[in-house]
Amino acid sequence: MKKINVFDTTLRDGEQTPGISLTLNEKLRIANKLDEIGVNVIEAGSPITSNGEKEAIKAIVKEGYNAEIASFARIVKEDVDAAIDCNVDSVHLVVPTSDLHIKEKLRKTRDEVFNQAMNMVEYSVDHGLKVELSAEDGSRSDISFLRKIFNESIVIGANRICVCDTVGILTPEKTYDFYSKLSDLIVPLSVHCHNDFGLAVANTISAIRSGATQFHCTVNGIGERAGNASLEETVVSLNALYNDYTTDIQINQLYDTSRLVARLTGVYLQPNKAIVGENAFAHESGIHADGVIKNSATYEPIMPEILGRKRKFIVGKHIGVKGLKQRLDDLNIKYNMNQVNEIFNKIKYLGDLGKLVSDVDLQAIADEVLEFEQEKKISLKELSIVSGNKVIPTASVKLKINEEDILIADVGVGPVDAAIGAVKKGISDFADVELVEYHVDAITGGTDALIDVVLKLKLDEEIISARSTQTDIINASVEAYLSGANRLLENRENR
Ligand code: MN
């Protein structure tokens, strides 16, 4: 097994993601987690960026982690001095090597850049820093110039070298060829890939196969433009798809790490993101769910538990009866076949409206269906609402109470208030059911969300909660109220 080192740049390249700016405490929390999961090198930031950045790097250094703490530096004395001032273990010294960068960006010659780079390697080494010399835009650089820079830097004392595919233009084949031309150098070779074409992880692995022993990455693949190679995807791929590589990373902490970084950076993941996306171990289709229940390997490449995750069965329109029964069993919901069919039909109906049904939704739907079976004293026959600007919200309802139709109306501060008021009035001869609490939640996104209304109702001294889940908030409120009132009345009778 070949040991591959993980150089994490979430706090440097990752923080250069448009819109991300981390506070000192947030940086510390991320660094803490990175150290805990076994990252070998943490690039803590670029100290000349700001005072805050410098303080954050100093604070990270003070934690005394197992991981090596690196500071980013351009090949200028000011940058290396700032790194020295932070007391970091190493400097990630970045030298632009492509003619495009040398001529257009720096307006210099190759010789000038070469000399400047060697001076800074020497200066860093002299000040007790480990040096990882990185070739910026290395993948678009002349290989003989690269070899010259790397060879000379090694003589001076550079500890590691790195080639950056700064704009992500490599392919796995080109990466293999390119890094092979450098793998004979006598210090560890590192790879730094960007994801402009979605190939960052594939290219990183290709470089490792050609001899690189360290890779740069970020949690969730955040970073400039399309981001960097993702830590979790690279580590888990090496672990699960190759037999000859190992890392120090605790794979079962990767999901937690991903969520921490997503939360603190505010960059949330696409649901279909590999390894850590919400859907990475979610199954909806009846065929797939059935297969996974029998043997998870049928539709899962690895067990989610390995990553500290759980598989999810999404109850949507593609679910089969078997998958649904499994979900109901998991949720400890008792049912008969009629009820399963009714729940099944409701889910298909919601699915056709474009809804997914989470466990919470399923619980609510099941509650409603299971309730249906009981005989109801009070049921809703009609409900109409008038509401709007400069109109007093008014509700009129027709209730059937003990085989008798009752028609009532009421006004309120809003349509829900008016509707509940009317229902309450309608049954007041019968029972004074008091509304103790009202809670509403849109459990799916969008203005066409599934609305979950949960109420607490009181009759005599008994308090119960009731709920209804529908797309219409007023209907849901009235149905929840009636379902609770029916239960309270039944309980009263039984007393
Ligand atoms: Mn980069």
Side-chain angles (χ1 to χ4, degrees), residues 5-22 27 30 34 39-49 53 57 68-76 79 83 88 90-98 100-102 104-106 113 117 131-141 146 149-150 160-171 174-175 178-179 182 188-208 212 214-234 261 265 267:
N5 273 352
V6 177
F7 179 115
D8 181 280
T9 180
T10 304
L11 298 175
R12 201 275 300 171
D13 225 346
E15 211 208 6
Q16 283 169 227
T17 300
I20 296 186
S21 182
L22 296 165
K27 285 199 159 209
I30 293 174
L34 293 173
V39 163
N40 305 97
V41 184
I42 297 171
E43 187 172 26
S46 175
I48 47 111
T49 307
E53 178 93 351
I57 298 171
E68 173 187 319
I69 305 302
S71 166
F72 177 91
R74 294 168 301 173
I75 45 166
V76 293
D79 284 28
V88 289
S90 65
V91 67
H92 176 217
L93 199 57
V94 176
V95 49
T97 51
S98 68
L100 179 68
H101 275 235
I102 290 172
E104 306 290 328
K105 188 177 84 175
L106 300 178
V113 168
V131 174
E132 175 160 334
L133 185 68
S134 243
E136 185 180 19
D137 205 20
S139 55
R140 290 192 296 190
S141 304
L146 274 186
I149 284 195
F150 287 150
R160 297 187 296 260
I161 55 168
C162 176
V163 176
C164 301
D165 184 22
T166 301
V167 290
I169 44 82
L170 287 178
T171 63
K174 285 182 189 164
T175 306
F178 203 93
Y179 286 76
L182 297 164
L189 172 63
S190 195
V191 52
H192 180 110
C193 291
H194 276 271
N195 205 31
D196 294 76
F197 292 90
L199 292 171
V201 171
N203 291 341
T204 297
I205 291 172
S206 229
I208 290 168
Q214 178 181 272
F215 66 89
H216 290 196
C217 57
T218 60
V219 175
N220 297 337
I222 58 173
E224 286 182 285
R225 304 185 311 280
N228 292 55
S230 112
L231 181 149
E232 59 282 353
E233 290 176 24
T234 313
V261 170
T265 58
V267 178

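Note that ligands are numbered from 1 as they come in the structure, with each ligand's atoms numbered from 1 the same way.
For residue His192, an N/O/S atom approaches the Mn ion (ligand 1) to within less than 2.8 Å. The Mn ion (ligand 1) has no N, O or S atom of Glu224 under 2.8 Å away, backbone or side chain. At least one N/O/S atom of His194, whether from backbone or side chain, sits less than 2.8 Å from the Mn ion (ligand 1).
Partner of Ser190 under the side chain to side chain donor-acceptor pair (under 3.5 Å) criterion, out of His92, Glu132, Arg160: Glu132 alone.
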Side chain to side chain donor-acceptor pair (under 3.5 Å), that's the test. Do Asn228 and Thr218 meet it? Break it down for me. CA-CA 6 Å; Asn228 292 55; Thr218 60; 4.8 Å; no
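No hydrogens or angles considered: a donor-acceptor pair under 3.5 Å links the side chains of Ser141 and Thr97.
Counting heavy atoms from C-beta outward, Ser134 and Val94 have side chains that approach closer than 4.5 Å.
The closest approach of Asp13 to the Mn ion (ligand 1), by N/O/S atoms, is made by OD2.
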